[in-house]
Structure formats: structure tokens, C-alpha cells
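Quick notes on the structure that follows.
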Amino acid sequence: MKMRAAIFHGVENISLEEVEKPELIPGSIIIKNVRSGICGTDLHAYERSGEEVGIYPENQFGHEMSGVIDELGEGVTGFKKGQHVFINPCTFKEPTPEMSVLMCCDMAGAFSEYIRVDKPVEGYNVFPLSDTLSWDIAAMIEPLSVAMHGIERCNPQKGDKALIYGGGIIGLCALACLKCLGIDDVIVTARNPFRSQKIIEMGGILCDTGKSTVPEFVMNKWGKLTGNNGEDTWDADLVIETAGYRGVLEEIMQYAKCGSSVNILALGVSQEKVTETNIAYKDISIQGTFAYTPETNKKVIEMVTSNEKIFAPIATSTYGLSDVKEAFEAARDHKRNVKVLIDHSK
């Protein structure tokens, strides 16, 4: 049996083709994708290089997906046909020496009509969803989990002040998650007018980097503190870096509040000047996070199920799978879109 699938051929070269539908085998389930999202990783492959992000030519790809269980293999229990589910692309198949976790994830097949989960385990790689949860929101559980995992590492508390570098997809996901956690003082940096408006719409405090530097804005808004070495610092309890621009990490290390937490979600590649002495004097926790855990997936599903309206503004456009190339062109237009979704029914 054939199915439709987007195939990555190289930079700016993807096509919708007919390929073989995954075969149902004992101990497996077949998922019919309903909605999927275009990630910044997918865009990186489309615009610059797939190999850098685990997406290789002539393969199915995409990893943000939600759908329904279409078939149950022999021996599978605890699931039912037609059940709405989220699939964790990092755990839905086992990595091999030839296929790293990154490759398994980023070539999971979110832009295909069907995928197979060989060893489905509820709460590990397959997560039941409420039938009333919007498919658009369900398709964003994956990037929301990325943001939430980074936030969790910072151990946020109610009353904290948070600074998010970058008003793109992950930055807005982080803003929504922090709002759900009861953290109201959240500054988000942006220069793009469309994304700036999204920040305001979602209850964030906009730092327009076209009008002010980040340190200047944050210290004017929340006040200026003095660090252990006599330096000026901002009063932000946690900093989430999602921008990846040159100089951001160095700036954070210069102005970070002593005793605060910094999490790096951005995949920037520029060399930054960071000294051990600066880290020690700051007495800060600085860490990076890769993807998320199944426990984070569960928390995000609980959050979106009870707070759907907070997350809705992140989704800006929906295209049919038949228009996947147009969807990618729309996704690269940051003046009009944040999160572009794929509707597999079209």
C-alpha cells in the first residue's frame, strides 16, 4: 500500500512522493499523522544543510507530529484504534550505530501520512491525548517540550523574573510555558514586528532590540544590581537563550545576576569569550539541554490540555500536505509566520 510522504533531496529541494506505507509487524502500531509542524531544524536543512541536523537526502523527515492509531500489531495491549496520540520522535525507534538519536528524530517522518512505532509504550514513546485537544496544539507538543525541558533545568519559582533571548518558535513556546507556571514577569527579545506583536499578545514584555540593547532595557525595567566583582547586573532570575546570535552568550555572562540560572537552547555556532573566573564570580548555573524527557512530554500535555488558549497564538499558518513545498516557503518568511503546520487530510 502506498502513502504520501515529503522527501528531502537537498537544499531547497523537497517533493511530495508516493512511497510504501510502513508494514505492520507483531508488537508494533501504525500511526496516521493528522497534523505536523515545521521545526527550525527542518528549515535549517531546507535552507542550508541537512547533514548538520541529521537530515540526509532521499529520506522522509520531520519530527513534530500528532495523529491517531490506525493499526495495532499482534501482541500490542493498552492502546486502541482511533486513539489520539502524540509521538515522541526521540524514543519511537531505537538508535543504531548507523542511526543516532538525532537522525532517528529528525527523519522520523512527520511529513508522511503514516509512521510505525515498533515497541509502543504508553508514557514513553506514545502519549494518549484528549479527543477534545486541538490538533494544532497537539502538533506543537514537541517544540513546547523542548522549551519546557530547558525551563525545568532552571528550577523556576513563582515570582521569578525571566529573560528570553529570541522571539521565534522556541522563545514563544518558553513564554507560554512560563505563563502556565505562574511566572508573569517575562521579557522576550525581538526586532521583527510580527513576532513582537505575538510577544505582546501572549502577555510577554517586549524588548525591541532595534530600539535598545538587552542589558539597557532589562536594567531599566527591573532595576540594576551589583555583582560579586562590583559589576552591573540585571535582575533576571533565569535566562533562556533561544536566539543563537553572535555575542549573546558573552553578553549574558557579563550581565547575569549572581546566583541565577542560564539555559542554552539555541544551536548557535559562533565562538564566544567565556572565562572560568567569570562563571565562578557569578556563582551561576549554566547548562544546555537536548530535546526533552518523557516526563517533560507528560507535563506539557497536561499544560496544553488545561490551558489551550495560552498556546494558540504560536500557530500562524496551516497548509495541506499536498502543498508542503509552499508550507516551507511560508515558514521561512519570519515577517508573516512563527509556526507553520501541515494538515495531512489535504
Side-chain angles (χ1 to χ4, degrees), residues 146-168 170-192 195-196 198-268 270-289 310:
V146 170
M148 186 62 185
H149 188 40
I151 290 169
E152 287 177 315
R153 290 289 183 87
C154 293
N155 191 29
Q157 306 294 319
K158 286 188 177 181
D160 279 352
K161 296 180 177 68
L163 167 61
I164 299 172
Y165 270 85
I170 300 301
L172 292 183
C173 285
L175 170 60
C177 290
L178 286 166
K179 287 290 184 179
C180 281
L181 294 173
I183 297 175
D184 295 320
D185 288 332
V186 185
I187 291 175
V188 187
T189 71
R191 182 176 296 189
N192 178 318
R195 296 187 173 188
S196 296
K198 285 290 180 183
I199 293 166
I200 296 169
E201 179 185 350
M202 294 173 63
I205 303 167
L206 171 65
C207 171
D208 186 337
T209 55
K211 298 178 180 178
S212 170
T213 67
V214 177
E216 178 185 27
F217 181 89
V218 177
M219 288 190 285
N220 283 340
K221 184 70 177 178
W222 289 338
K224 181 168 61 175
L225 302 177
T226 301
N228 291 329
N229 199 30
E231 77 278 18
D232 291 338
T233 76
W234 54 44
D235 187 14
D237 300 291
L238 57 147
V239 179
I240 308 295
E241 154 57 337
T242 75
Y245 298 140
R246 181 182 296 276
V248 168
L249 182 57
E250 190 172 344
E251 182 172 272
I252 291 172
M253 293 306 304
Q254 180 178 351
Y255 291 99
K257 173 183 177 179
C258 293
S260 62
S261 296
V262 178
N263 185 264
I264 309 300
L265 289 172
L267 300 179
S270 60
Q271 297 292 318
E272 304 287 339
K273 184 180 179 181
V274 177
T275 67
E276 293 172 326
T277 299
N278 199 18
I279 295 173
Y281 281 166
K282 289 288 186 181
D283 193 23
I284 63 171
S285 171
I286 181 168
Q287 58 218 314
T289 48
I310 292 178

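Quick note: numbers below take in every heavy atom, side chains included, and nothing from hydrogens, waters or symmetry partners. Residue numbers run from 1 in the order of the sequence given. All figures in this text were calculated on a predicted structure; none of them were measured in a lab.
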message = Testing Val262, Val274, Val248, Thr275 one by one against Met253 for a side chain to side chain contact (heavy atoms under 4.5 Å, CB included), which residue passes?
response =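 That would be Val274; it is the only one of Val262, Val274, Val248, Thr275 passing the side chain to side chain contact (heavy atoms under 4.5 Å, CB included) with Met253.
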Rounded to the nearest 0.5 Å, how far does [atom2] of [Y] lie from [atom1] of [X]?
{"X": "Glu241", "Y": "Leu267", "atom1": "CD", "atom2": "CG", "result": "10.0 Å"}
{"X": "Thr226", "Y": "Asp232", "atom1": "OG1", "atom2": "CG", "result": "6.0 Å"}
{"X": "Thr209", "Y": "Tyr245", "atom1": "OG1", "atom2": "OH", "result": "8.0 Å"}
{"X": "Phe217", "Y": "Thr189", "atom1": "CZ", "atom2": "OG1", "result": "10.5 Å"}
{"X": "Asp208", "Y": "Asn192", "atom1": "CG", "atom2": "CG", "result": "10.0 Å"}
{"X": "Tyr165", "Y": "Leu265", "atom1": "OH", "atom2": "CG", "result": "14.5 Å"}

query = Does Lys161 come within less than 4.0 Å of Asp237, counting only side-chain N to carboxylate O?
reply =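 Between Asp237 and Lys161 there is no salt bridge, as every charged N stays at least 4.0 Å from the carboxylate O atoms.
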Of all the heavy-atom pairs spanning [X] and [Y], show the shortest one and how long it is.
{"X": "Ile199", "Y": "Leu175", "answer": "O-CD2, 4.0 Å"}
{"X": "Gly259", "Y": "Ile284", "answer": "N-CG2, 4.0 Å"}
{"X": "Cys177", "Y": "Met148", "answer": "CB-SD, 4.0 Å"}
{"X": "Gly166", "Y": "Thr242", "answer": "O-OG1, 3.3 Å"}
{"X": "Ala174", "Y": "Ala147", "answer": "N-CB, 3.6 Å"}
{"X": "Met202", "Y": "Ala176", "answer": "CE-CB, 3.7 Å"}

Is there side-chain contact between [X] and [Y], with at least one heavy-atom pair below 4.5 Å?
{"X": "Val218", "Y": "Tyr255", "value": "no"}
{"X": "Arg153", "Y": "His149", "value": "yes"}
{"X": "Val214", "Y": "Ile252", "value": "no"}
{"X": "Ile310", "Y": "Cys180", "value": "yes"}
{"X": "Lys211", "Y": "Arg191", "value": "no"}

Treating [X] as the side-chain partner and [Y] as the backbone partner, does any N or O pair qualify as donor plus acceptor under 3.5 Å?
{"X": "Ser260", "Y": "Leu238", "answer": "no"}
{"X": "Lys224", "Y": "Glu216", "answer": "no"}
{"X": "Lys198", "Y": "Leu172", "answer": "no"}
{"X": "Lys179", "Y": "Gly203", "answer": "yes"}

request  = Would you check if there is a donor-acceptor pair between the side chains of Thr289 and Asn263 at a distance under 3.5 Å?
outcome  =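 Result is yes, a qualifying pair exists.
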key: Tyr281 and Glu231 side chains, donor-acceptor separation under 3.5 Å   =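 Glu231 vs Tyr281: no donor-acceptor pair found between side chains.
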